[in-house]
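Structure first, then comments.
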Amino acid sequence: MAEVKTANDSSDKTFDCLNAKSSKKTSKDELAPGFTIPTEQIAGVPDFGWRVPLSYSCQMKCKAFFTPRLKQIPSYLGLGVRYCKLWMRKHKEGKRPFIDHMNALAYQPIYGAPIGGIGCGTIGRGYQGEFCRFQLVPGCYDHTTVLADQFIVCIRKRNKTVYQQVLSVKKPDNKCLNCWKWNLDPDHAIYHALYPHSWTIYDIPEHNVRLTCRQVSPIFPHEYQDTSLPCAVFVWTAENLGDEDLEVSIMFTFKNGRGVKEDRAGGCWNEYFHVSNDSPSEPVSGVQIHQSFQDMPCVYGIAVKHKPDLSVSHCVYFDPCGSGEDIWQDLYEDGSLTKSEADFESKTEPTKKNSECAVGVCCKCAVTAGGPSKQMEFSLSWDMPNIHFKSKGQNYRRRYTRWFGHTTQAAPQLCSYALNNYKTWEQKIEAWQNTVLQNNDLPAWYKSALFNELYYVSDGGTVWLDPVPNPDLSSETKEEIPAVIKEFGKFAYLEGHEYRMYNTYDVHFYASFALLTLWPKLQLCLQYDFAKAIDQEDPTIVEYLMCGTKGPNKSPKSIPHDLGDPEDEPWVRVNTYNLHPTHDWKDLNLKFILQVFRDYYALKDLQYLKDMYPKVKSIMTEAQKWDKDGDGLIENGGFADQTFDAWTATGASAYCGGIWLAALRLTVEMAKILEDRDTEIKFTEILHEGKESFDKKLWNGLYYNYDCSDKPYHDSIMAAQLIGQWFIRASGIQDDLVFPSQKVRSVLKVIYEHNVMKLNNGNCGAVNGGRLDCMKDTTNCQAEEFWVGIIYSLAATMIQEGMSKEGFQTAWGAYHMCWEVLGLSFQTPEAYTLDNVYRSLGYMRPLAIWSIQWALSITQSTSPISNPL
């Protein structure tokens, strides 16, 4: 196998096994052939990030769904039959189930850093240059590559065009745009991503030209205005390394739609725009495309910034379904688009049915031989201010409309604002990221993973809505909306690109460290929404797919599994998930309690704690009913009643029991702070009794058993068995009142030896279920999966307990498998297996990598949410 490296050229001083310059060599039975990532330093590009040549093509043959072992099949037969019935019923209604296994996403190892702010929709880009994933309709994805959306270079020498090329490796497979030159040599280009930046460096050796495209999105912490903007900037730098003066032009083209059938519905029209700006800002001009997505108006804007040494030109229409000859030849003739500004005073005619439209902007500059480089700045915006979900029950306004209006007239202003403010964005991004990048004690791969996994905050089907000026937001009166939501809005992101549920709470529990660290007000907004939903009731009878029984969709006094499906009506109809009766899940309510105290510990917001405390007491009292034998410890009900929703637990269990003990501990702490002596005494007594029961029923001398049943897997080594301890330490509590330190160390050593290092020498992460007597627990599909977010949280636990080397080795395996072996860049899944199977592309839980950064801050006695800006 070839070496696999992380883009970096400096040495790692602390973790020898993860040396920043070292390569990870694997055994002859490695899962897949690898590749060598270029590691040379490139001027203006960070040493850290995910870097591949454009010629890279992942050779891994992955499967999107597991094939159960023979012994596992009986447990899934009923589920399979009931799911098929549900799918057919939904199909007849013109709907999709919240998880559509019949139409799983195709495996496409093509993605790079997406563009756009938070909650405004995103557009994905592939590392080879294509625009290839559109998440503009709220919560829904179009995994399409639009060939007309391109950057094209034209090089002229002595008033003659000597080179013109589409700067993307993707080629058309039909007659569309067949007059364009598509044969870019991928061996002379490199892609580098460190989200929210990416860089693509093109060498054109026959003309001694180097082009660099720097992609910038407005993503940086503790910012609640610019971070919500639907726009991105592409900064092109042209260098002439030869001995002859040149002219270099970059043309940016874009078409209507998202690469779907709706694009040909007709009614789209284009118009030129020019935005004059007072000094020191510079004028911006471009073209906008007016259209609608599922009856929601959206206006694309593409633009370029004017400068004295640049020539700017435009094209207000070309046919993206034709040969493309007109605009190609127009550029080829003189490196410009020939129409003048006078030609742009009128609008184009709306497109007819079965036709589409596209536009272009161009920037030309002279680049002297051996002289300074020249810079050309482009922007793309999408103004889709008013949205609704598929049920069309209520109308919403996106967060950015507070500053840019809601009349679909903001595309020019968004383009101009982006072009005249992106340098400030970059300064803030660099100040934030440098605190990590300049830390020589951290492995290079970790620096890449930490920031690149953050793509999901914007690209997770995310919506960020402004409730204040919108009277149709909900049935709430303004007085009933919590102050933090009034100021910072409604926030929701999907469990996964394929798992279509907003704010799935058992998973957000892990991912929440990213929000709390970087945008803590959004974490609070989400928490207030769940606090309200606790008492919400929906008596609609549903069939639970796993067991076949029926019951209410949402019971009171319980945290809902999620806040709804974007194809229905989120916030109004919650609890989309119906595999199990989640009101009886043992972890959901308790995870709310753990987050409440951790949030308070981080923010010291006493009013937040006071607001949440009555809910905490209510659901803790409700949770006591799960202690069937009155020994202070809750029991699982003999089905998969927790986040491992296919892994049955019976009686006391390490996962839920540990979370219960942690919830008791943190409830006692809250009672002390709020001087509620009766509650403090009550739950302290239960905690002491429960701790004794936990040790008696589950401790086996080395680790905590999975559960206390007589099942063959009862003594499996669960990678997630110390989740309660993880949160206790993450909440600033350093005593051993719940989990004795010697037992914690013993557990972590056993997990590291059996769940991590026993499998491919630690290069795969941690399997969910390990065994002392064999490689792994194969009694259940989820037991033999590797869950990325669980691995990152386990690594954080190890670091909090002083096992940093083991923690980073564990986390490395997840990054290595997803980003360097399986080809799953910017679509990190929930799970993978040793058989090259992945499950649920683009998933929320891997954001738990920010709990590693949290753990590092805690161990170094610094604030985990300190603001470097």
Side-chain angles (χ1 to χ4, degrees), residues 38 40-45 51-56 126-130 147 149-172 177-192 198-215 234-253 304-305 307-313 315 324-325 327-338 360-378:
E40 69 272 17
Q41 290 184 320
I42 301 173
V45 178
R51 184 181 297 181
V52 290
L54 266 62
S55 58
Y56 165 64
Y127 65 84
Q128 293 183 323
E130 66 270 38
L147 288 176
D149 300 348
Q150 296 291 350
F151 287 101
I152 297 168
V153 62
C154 175
I155 300 175
R156 292 175 58 80
K157 187 183 300 183
R158 299 182 216 149
N159 296 319
K160 181 181 178 181
T161 296
V162 294
Y163 181 87
Q164 189 161 297
Q165 175 67 55
V166 177
L167 293 170
S168 172
V169 176
K170 184 78 173 180
K171 298 180 181 180
L177 307 177
N178 58 3
C179 284
W180 293 10
K181 188 176 180 182
W182 294 93
N183 60 338
L184 177 72
D185 184 355
D187 289 324
H188 292 110
I190 289 174
Y191 177 83
H192 185 103
S198 72
W199 295 258
T200 310
I201 301 94
Y202 305 86
D203 282 325
I204 307 174
E206 59 267 44
H207 299 292
N208 295 304
V209 169
R210 170 171 280 192
L211 300 173
T212 301
C213 177
R214 186 168 84 252
Q215 176 182 295
F234 305 91
V235 183
W236 283 86
T237 302
E239 299 174 78
N240 184 349
L241 307 176
D243 53 10
E244 230 179 316
D245 293 348
L246 301 171
E247 284 184 340
V248 176
S249 301
I250 298 292
M251 179 172 70
F252 183 22
T253 61
V304 64
K305 184 189 287 189
K307 290 184 178 180
D309 57 347
L310 302 179
S311 172
V312 173
S313 53
C315 172
E325 181 177 10
I327 192 170
W328 186 265
Q329 287 301 124
D330 191 4
L331 179 66
Y332 191 86
E333 286 175 4
D334 61 0
S336 296
L337 301 172
T338 56
V361 295
C362 180
C363 190
K364 181 170 72 173
C365 62
V367 190
T368 58
S373 61
K374 289 295 182 70
Q375 190 166 280
M376 295 163 277
E377 299 157 297
F378 297 82

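We're numbering straight along the sequence, starting at 1. No hydrogens, no waters, no symmetry mates; every other heavy atom, side chains included, goes into these values.
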Subject >> Worked verdict on Ser198 versus Tyr191 for side-chain contact (heavy atoms from CB on, under 4.5 Å) >> reply: CA-CA 7 Å; Ser198 72; Tyr191 177 83; 3.3 Å; yes

Subject >> Atom of Lys171, atom of Trp182 and distance for their closest heavy-atom approach >> reply: CE-O, 3.5 Å

Subject >> Verdict with reasoning, Ile42 to Arg51, per side-chain contact (heavy atoms from CB on, under 4.5 Å) >> reply: CA-CA 11 Å; Ile42 301 173; Arg51 184 181 297 181; 4.1 Å; yes

Original post:
Which pair of non-hydrogen atoms, one from Ser336 and one from Ser311, has the smallest distance, and what is that distance?
Top reply: OG-OG, 4.1 Å

**OP:** Might you point out which heavy atoms bring Ser168 and Gly129 nearest each other, and give the distance in Å?
**Re:** OG-C, 4.0 Å

Original post:
So Leu177 and Val166, side-chain contact (heavy atoms from CB on, under 4.5 Å) or not? Walk me through it.
Top reply: CA-CA 11 Å; Leu177 307 177; Val166 177; over 6 Å; no

Subject >> Rounded distance (nearest 0.5 Å) linking atom CD of Gln329 with atom CD of Gln164 >> reply: 7.5 Å

Original post:
With a cut-off of 6.0 Å (strictly less than), are more than 12 heavy atoms of other residues, nucleotides or ligands near NZ of Lys170?
Top reply: no

**OP:** Enter the distance from Ile204:CD1 to Leu184:CG here, rounded to the nearest 0.5 Å.
**Re:** 8.0 Å

**OP:** Check whether any side-chain N or O of Asp330 sits under 3.5 Å from a backbone N or O of Thr338 as a donor-acceptor pair, and report yes or no.
**Re:** yes

Subject >> Check: Ala366 main-chain N/O paired with Arg156 side-chain donor or acceptor under 3.5 Å >> reply: no

Original post:
Is a side-chain N or O of Asn240 found less than 3.5 angstrom from the main chain of Gly370, in a donor-acceptor match?
Top reply: no

Subject >> Member of Leu54, Thr212, Val45, Ile190 meeting the side chain to side chain contact (heavy atoms under 4.5 Å, CB included) criterion with Thr200 >> reply: Leu54

**OP:** Count the heavy atoms belonging to other residues, nucleotides or ligands that lie under 6.0 Å from CG of Asp243, then report whether that count exceeds 12.
**Re:** no

Subject >> Asp185 side, atom CG; Glu206 side, atom CD - distance, nearest 0.5 Å >> reply: 8.0 Å

**OP:** Identify the two heavy atoms, one from Met376 and one from Val248, that lie closest to each other, and give their separation to 0.1 Å.
**Re:** SD-O, 4.1 Å

Original post:
Between Phe151 and Phe378, what is the ring plane arrangement, given parallel below 30°, perpendicular above 60°, and tilted in between?
Top reply: perpendicular

**OP:** Output the distance between atom OG1 (Thr253) and atom CD1 (Ile327), rounded to the nearest 0.5 Å.
**Re:** 6.5 Å

Original post:
So, do Leu211 and Ile250 sit near enough that their side-chain heavy atoms are less than 4.5 Å apart?
Top reply: yes

Subject >> Any donor-acceptor pair under 3.5 Å from Glu247 side chain to Asp334 backbone >> reply: no

Original post:
So, Thr161 side chain and Tyr332 main chain: donor-acceptor pair closer than 3.5 Å or not?
Top reply: yes

Original post:
Is any side-chain heavy atom of Tyr202 less than 4.5 Å from a side-chain heavy atom of Gln165?
Top reply: no

Original post:
Can you tell me how far CZ of Arg214 sits from CH2 of Trp236, rounded to the nearest 0.5 angstrom?
Top reply: 12.5 Å

Subject >> Validation row: Leu246, Tyr163 side chains within 4.5 angstrom (heavy atoms) >> reply: no

Subject >> Nearest heavy-atom neighbours spanning Pro186 and Val169 >> reply: CB-CG2, 3.8 Å

Subject >> Asn159, CG: over 12 other non-hydrogen atoms inside 6.0 angstrom >> reply: no

Original post:
When the ring planes of Tyr56 and Tyr127 are compared, do they come out parallel, tilted or perpendicular, using 30° and 60° as the limits?
Top reply: tilted

**OP:** Compare every heavy atom of Cys362 with every heavy atom of Leu331, then report the nearest pair and how far apart it is.
**Re:** CD1-SG, 3.7 Å

Subject >> Inter-residue atom distance Arg210.CZ - Glu239.CD, 0.5 Å rounding >> reply: 6.5 Å

**OP:** Kindly say whether Leu337 contributes a backbone atom to a donor-acceptor pair with the side chain of Ser313 at under 3.5 angstrom?
**Re:** yes

